[in-house]
Amino acid sequence: MSLTQLPASAVSNPHFLDPDWWRHAVVYQVYPRSFADADNDGTGDVRGIIEKLPYLADLGVDAIWVSPWYPSPLLDGGYDVADYCDISPAFGTLADADEFIGAAHALGIRVFIDLVPNHSSWDHPLFRAALAAQPGSPERDLYIFRDGRGDDGTLPPSNWGSVFGGPAWTRTTNPDGTPGQWYLHMFDVSQPDWNWDNPAVPALFDDVLRFWFDRGVDGFRVDVADSMAKDLTLPDVPVNPATGFGANDKQVGSPQWDHPGLETIQRRWRAVADEYADTELGGRVYVAEAYLDPIERLVRYVSPGRLHTTFNFDALMSEWSAASQRATIGHTIPAHRAVNAPTTWVLGNHDNTRVATRYGKPETGLDYSKPDDGSGESVEPIDLTLRMHPLPTDIDTGRRRARAAAVLELGLPGGAYIYQGEELGLDEVEDLPEHLLQDPTWERSGHVNRGRDGCRVPLPWSGEAPPFGFGTDADPWLPQPAHWAALTAEKQAQDPDSTLNLYRRLLRLRRERPDFRSDGFAWDAADGGDLLAIRRGASTLVVVNFAAEPAPLPPGEVLVSSEPLVDGMLPPDAACWLAVS
Ligand code: BGC
C-alpha cells in the first residue's frame, strides 16, 4: 500500500515519516514461530502478526523486527535460511508478508526483518548444488569447502570450533560413497558459511536487500554481523580447554570474527539502503547483531557510512546493580556519541534468558566467561555463549526488577528493543522436557547446555489454560506453563498496575515528551551510591533505586513509577520518571 493511499488518521505515530525515525525508535521483536497462531496449528504465523497489530499499536511501539520468516528446515529456529526471498509455508505466503508490511505502515509502525548473511541452510539450492559439484568448482566456491588435513584428509582444515559446540567443519561424502571435502559452519552443521570473498555472494545479498526494500521493509537486523569476512588461509586459533576446539573468544585479530573485511560489506549495504532515501518512506536502516567487547570495537560498525545502529548487549549482560548499570550507561553513551550513532538498549531477545528470570537469580549478569555451573569462577571464555543460568530464581524479585529495568531502559537516549513477552513480564521456561528441546545447542553441546528454547515459548494471549489464545486448541510447539494464566495479555490489559500497562504508559510518555527525543543526558546531582539518577533533556529525571531500603526522591512530579511510592519514597528495585524544573 502506498502512503498516499492511507487514511489521514491511520498514521498515528507522529514520528513515522521522520527519516531519522530509527534514532529514537522502540522496536518490538517478534519471534514468528511463537508470537500468534492464526491458523491454529501450534506454530505462529504472519497472519497471526497481522491480527495482533492493533495490540502492538496500542502498546505504542515504533517498529517491529520479525525474526526469520523464510523457508527453512527450522533446525536453528529459522536462522537456517533455504530461500531469502520467500516466506516459509509454515508461516504464510509472500502475499501475507506484503499485507503485514502495509498494515503495519498504516498504523505508523516500521518493519525490520532479519538478514542472515553469514550462512544459509544446507537446504539452500546453492548449497545443494555445491555439494553435487566437484571440488574447485564455481558452485563450491560460493561456500567454504576445503580438503582435510592429514592422511586421506581425515583431519578438519583448521581447528575452528562451532559456536554451538563441536567442530566448525563437517566432512562431505562423495557421490561414490567415499569421504569428500569438508565445509565450514561456524554454527550448526545445517548452516554452511557463505564465502564472502567470492564476489557472487555480496551480489546475491544486494539482490536480497533490494527485494525486501522494494516491498517496503524499513530495515534489516543483521545476524552475526561480526562474522562473514574471514581469514581464509584458515590459521588455527588457540584451543578453548572447555571444548577442545579452537576458541570463539573474538580476540582482536581473530581470523573468524570482527575481520577487517567487514567494513567493505557494511559500506556496500549502507549504499543500498541509501538508494531508498528519496522514496516515500525514506529512512531504510540496519541494526547489527554483534557481541563484541569492548564497546569501542563495536561502534566502528556504526561509524559514518557504515551501518546505522547496533544492539547494545552490554546492557543485556549487565548485573542488576547501580555500579554495573552506571558503568554500562556511562561507557555506552560517549562511545556512540563519538561516532554520532544512537545507542540502542536491549534487555532480552530470543537467544538469552528472559530478563524477569535473570534478575531473579543470585547472579543477575550474563558473563559468558564464567562456567555454566553457577560456581561464578572465571575461566577461559567458553563457546557455549548461548547458555542459561542453572541457579534458583526468586521470580517476584525478578519481575519487579524487570519492570524497573524497563523504566530505566526506555528512559535512556536513543532507541530500545522489547523482546516479545517482556511487556508481560514473562519468565524463562526452565523446565521444558528434554525430549521437546529443539535448539541445536542441546545436541551439539552433548546435552550440557539446554539452549534457548526456554525464552521462545509461545505467548499467552488470553484464557485460563494453554494454549492461552495462541491458536484455539492445537498444542503449541513448545508447552506453556500453567502459571502464565495470570500473565495473559487479556488479563493484564484489565489491570491498571500490570506490566503491560506500565509499558503502555512508558511508551506513550516517551512519544509525547520532547525530552525523550532529545539526546540530552547527564548524571543528576542526586546520582550516587545505590541511587541512579539521570537527567534527560530540560526537565525529566530517570531514577532507579538499587538499595534494599526505600530512597528519597529529588523534588518533582512523578510521571510514572514501576512500583507505588511508599511515603513519597522510591521502594527498593523500583524506578520512576520525574518531571522536574
Ligand atoms: C541469532 C541466533 C542464531 C545465530 C546463528 C544469532 O546470533 O540471534 O538465534 O542461532 O545467530 O544464525
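Order of appearance sets the numbers: ligands from 1, and atoms from 1 within every ligand.
- Using a 3.5 Å distance cut-off with no hydrogens or angles, the side chains of Asn118 and Trp194 do not pair a donor with an acceptor.
- By the 4.0 Å N-to-carboxylate-O rule, Lys230 lies too far from Asp258 to be salt-bridged with it.
- No donor-acceptor contact under 3.5 angstrom links the side chains of Thr343 and Thr332, judged on distance only.
- Between the side chains of Asn198 and Asn195, no donor-acceptor pair of N or O atoms lies under 3.5 Å.
- Residue Phe187 approaches ligand 1 through these ligand atoms, each under 4.0 Å from one of its heavy atoms: 4 (C), 5 (C).
- Residue contact check: His119 has heavy atoms under 4.0 Å from atoms 5 (C), 12 (O) of ligand 1.
- By the 4.0 Å heavy-atom criterion, Phe164 is counted among the residues contacting ligand 1.
- Remark: distances from the non-hydrogen atoms of Arg456 to ligand 1 include one below 4.0 Å.
- Within the structure, the closest approach of His185 to ligand 1 does not fall below 4.0 Å when heavy atoms are considered.
- Proximity to Arg452 (heavy-atom distance under 4.0 Å) selects the following atoms of ligand 1: 2 (C), 3 (C), 9 (O), 10 (O).
- Asp98 and Arg215 are joined by a salt bridge, as a carboxylate oxygen and a charged side-chain nitrogen come within less than 4.0 angstrom of each other.
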